[in-house]
Amino acid sequence: MAELATIARPYAEALFKAQASDLAGTAAWLEELAAVADNAQLQQFIDSPKVSDEQAFELISDVVQKHANVALPEAGKNFLRLVIENRRLSALSVVAQQYRVLMNAKGGTADAVVYSAFPIDASALADLSTTLEKRFARKLNVSVELDASLMGGVRVVVGDEVLDTSVKARLEQMKSALTA
């Protein structure tokens, strides 16, 4: 993973500088490109020596247009062509992650993923977001993912920080205390 991060960094930084006037819009189309590029069948098809760069570009831009229901802007097309020509399609999801980190750093925010065993309603999520923003001392972009293995409670990941209040974590702590 470190190799992909090293490959992705210059792309993310250059895109961040070039698209300074529309960071959020760029993040939207970049995340769509990354989602499409993560498809293993697509990557296998594009890695074929019989597939030209133009064919790869057309296929990906068509899928993005159908998936997102919007056409790529000119900057997005140019970026996609560059990534394809340089054979860096596999690094696109890491580019999107690093771009998001740069964008969040500029805005003074961070992404937070709340893992929960059960769906969280809007009012509970708003309360949880307020509490988490106080706990992590910054504005958070909160998203929720279901994880039935937690059994209850939540596990929150903000960058490299983790707050685990799940039943699973408490059971692990009890197990460690009993075996120590």
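- L30 and L82 fall within a single hydrophobic cluster, where Ile, Leu, Val, Met, Phe, Trp and Tyr side chains are chained together by heavy-atom contacts under 4.5 Å.
- By the criterion of side-chain heavy atoms lying less than 4.5 angstrom apart, applied directly or through intervening Ile, Leu, Val, Met, Phe, Trp or Tyr residues, M103 is not grouped with V101; the two fall into different hydrophobic clusters.
- Put simply, the side chain of Q98 gets close to the backbone of A5: a donor and an acceptor are under 3.5 Å apart.
- Both L33 and V51 are part of a single hydrophobic cluster, where members link through side-chain heavy atoms under 4.5 Å apart.
- Residues that satisfy the salt bridge (Lys or Arg N to Asp or Glu O under 4.0 Å) test with D111, not counting sequence neighbours, are R100.
- Using a 4.5 Å cut-off on side-chain heavy atoms (C-beta onward), I7 and E3 make contact.
- Y11 is linked by a side-chain hydrogen bond (donor to acceptor under 3.5 Å, both in side chains) to N86, counting only residues two or more places apart in sequence or in another chain.
- Residues that satisfy the side-chain hydrogen bond (donor to acceptor under 3.5 Å, both in side chains) test with D121, not counting sequence neighbours, are S123.
- Transitive grouping of hydrophobic side chains (ILVMFWY, heavy atoms separated by less than 4.5 Å) keeps V162 and L146 in distinct clusters.
- V154 belongs to a hydrophobic cluster whose remaining members, ordered by chain and number, are V114, I120, L125, L128, L132, F136, L140, V142, V144, V156, V158, L163; membership requires side-chain heavy atoms of ILVMFWY residues under 4.5 Å apart, directly or through intermediates.
- Residue F118 is not grouped with residue L150 when hydrophobic side chains (ILVMFWY) are merged at heavy-atom distances under 4.5 angstrom, including chains of intermediate members.
- Applying the side-chain contact (heavy atoms from CB on, under 4.5 Å) rule to S176 yields no partners; only residues at least two apart in sequence or on another chain are considered.
- Partners of D127 by salt bridge (Lys or Arg N to Asp or Glu O under 4.0 Å), not counting sequence neighbours: none found.
- When all heavy atoms of T165 and R170 are compared, the pair lying nearest together is O-NH2, 2.7 Å.
- Residues that satisfy the salt bridge (Lys or Arg N to Asp or Glu O under 4.0 Å) test with R138, not counting sequence neighbours, are E161.
- For the side-chain contact (heavy atoms from CB on, under 4.5 Å) test, residues two or more places apart in sequence or in another chain that qualify with E85 are D53, R81.
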When the side chains of residues 36-46 are checked against the rest of the protein, which donor-acceptor pairs come out under 3.5 Å, sequence neighbours left out?
| residue | atom | partner | partner atom | Å |
| --- | --- | --- | --- | --- |
| D38 | OD1 | S93 | OG | 3.4 |
| N39 | OD1 | Q41 | N | 2.8 |
| N39 | OD1 | L42 | N | 2.9 |
| Q43 | NE2 | A37 | O | 2.5 |

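- Not counting sequence neighbours, K77 has no partner by the salt bridge (Lys or Arg N to Asp or Glu O under 4.0 Å) test.
- Taking Q65 as the reference, A71 meet the side-chain contact (heavy atoms from CB on, under 4.5 Å) condition, with sequence neighbours excluded.
- Nearest heavy atom pair, residue S61 against residue L80, reads N-CD2, 4.1 Å.
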Using a 3.5 Å cut-off and no angle test, enumerate the donor-acceptor pairs between side-chain atoms of residues 12-23 and protein atoms at least two apart in sequence or in another chain.
| residue | atom | partner | partner atom | Å |
| --- | --- | --- | --- | --- |
| Q19 | NE2 | T26 | OG1 | 3.1 |
| D22 | OD1 | G25 | N | 3.1 |

